[in-house]
Amino acid sequence: MDVFIGTPPKHFSLILDTGSDLNWIQCVPCHDCFEQNGPLYDPIDSTSFKNISCSDPRCQLISSPDPPLPCKDHNQSCPYFYWYGDSSNTTGDFALETFTSEFTKVENVMIGCGHWNRGLFHGAAGLLGLGRGPLSFASQLQSLYGHSFSYCLVDRNSDTNVTSKLIFGEDKDLLSHPELNFTSLVSGKENLVDTFYYVQIKSIMVGGEVLNIPEETWNVSADGAGGTIVDSGTTLSYFSEPAYQTIRDAFLRKVKGYPVIDSVPVLDPCYNVSGVDNLVLPEFGILFADGAAWNFPVENYFIWLQPGEVVCLAILGTPRSALSIIGNYQQQNFHILYDTKRSRLGYAPMNCADV
């Protein structure tokens, strides 16, 4: 996502992540940083940059490095450490900065000024957190835009000059969409991670068949493990065992007439479809515990590796009682609404290039 940070505003590209809260950017001096496109952010160049003091109550919102440094005086900065499920992490100073868009200017946004950053951030300058916790960009903008935001991700094969849209506040066009569906966001349980947007799956359908997956597979355990989240910051979808194996086996059973290819790393099953004009693959849908259903077009759960030649199931497995994740590949060409006030997730099929 393109953002303008600081005064005067400078352009940076940040990864959009509904699965985390902290907004952060790689900062000069950078002691251990990944390669990014464009220059690093330098707090010295911005008149609106302000360090948060270690004695400021806002410093309590962020986890500190281990072992924590004693806070000796109010001029001392607030150090932070933040890590992700794939072991990517960022360490630096917690600060305030101004964000500017073509529509508005937001001052005193809490951000991490990262001096040590590691992980798979692919040339971005940092990350924009859109999770449910108090640090996230969405939470910090609630006084301006209320308790909802939405986005519509264009498909990955679309022209590079076509952009996806992120909308803060209510979008009237989306709310009046005839195919807008809602499912409840699971909340109110003590053991849920307060960052994540959890949904409650009841069952999975492949090719019109409700699969035989024990319902407890989808539940959050007493110690807070498991459950299903919707996450813009994870690419493919992941389902925990035994659900994944059952889903994979159902596709193997129902896909007929195309030779299976075993040589593709990570993805499974894959099929040789060269010379096939009219490709027929089973339907895939998620049924939620509250009665909602989310049916996906085939390009959201199969991935074309060599156009017209190889197609693979774009779903992966995680261990039993691990988190299941509906990732961004499966969200393509749906306008997705995160409404925390009414505790619901909305989704409507859409050609996102037209939004």
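Values reported hereafter were calculated over all heavy atoms of this structure, with side chains retained and with hydrogens, waters and symmetry mates removed.
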D159 atom CG, over 12 foreign heavy atoms within 6.0 Å: yes
Geometric class of the W218/F239 ring pair [parallel <30°, tilted 30-60°, perpendicular >60°]: perpendicular
Neighbour count above 12 (heavy atom, 6.0 Å) for N161 CG: yes
Derivation and outcome, ring-ring contact (aromatic ring centres under 6.0 Å, His included), residues F99 and F137: CA-CA 10 Å; F99 280 64; F137 197 70; 5.1 Å; yes
Short side-chain to backbone donor-acceptor contact, S53 and S77, under 3.5 Å: no
Ring centre gap for F296 and Y301 strictly below 6.0 Å: no
Matching residue for T90 among W24, Y80, W116, W83 - test: side chain to side chain donor-acceptor pair (under 3.5 Å): Y80
Within-4.5 Å side-chain heavy-atom neighbours: L281 and F251: no
Under-4.0 Å salt bridge between K341 and D339: no
Donor-acceptor pair, side chain of T98 and main chain of S48, under 3.5 angstrom: no
Test item: F4 and F12 side chains (from C-beta on) under 4.5 Å apart, heavy atoms: no
NZ/NE/NH1/NH2 to OD/OE distance under 4.0 Å, R132 and D194: no
Check: S343 main-chain N/O paired with T340 side-chain donor or acceptor under 3.5 Å: no
Sulfur-sulfur distance C270/C312 under 2.5 Å: yes
Same cluster (ILVMFWY, side-chain, under 4.5 Å), I15 and F34: yes
Validation row: M110, L96 side chains within 4.5 angstrom (heavy atoms): yes
Sulfur-sulfur distance C54/C78 under 2.5 Å: no
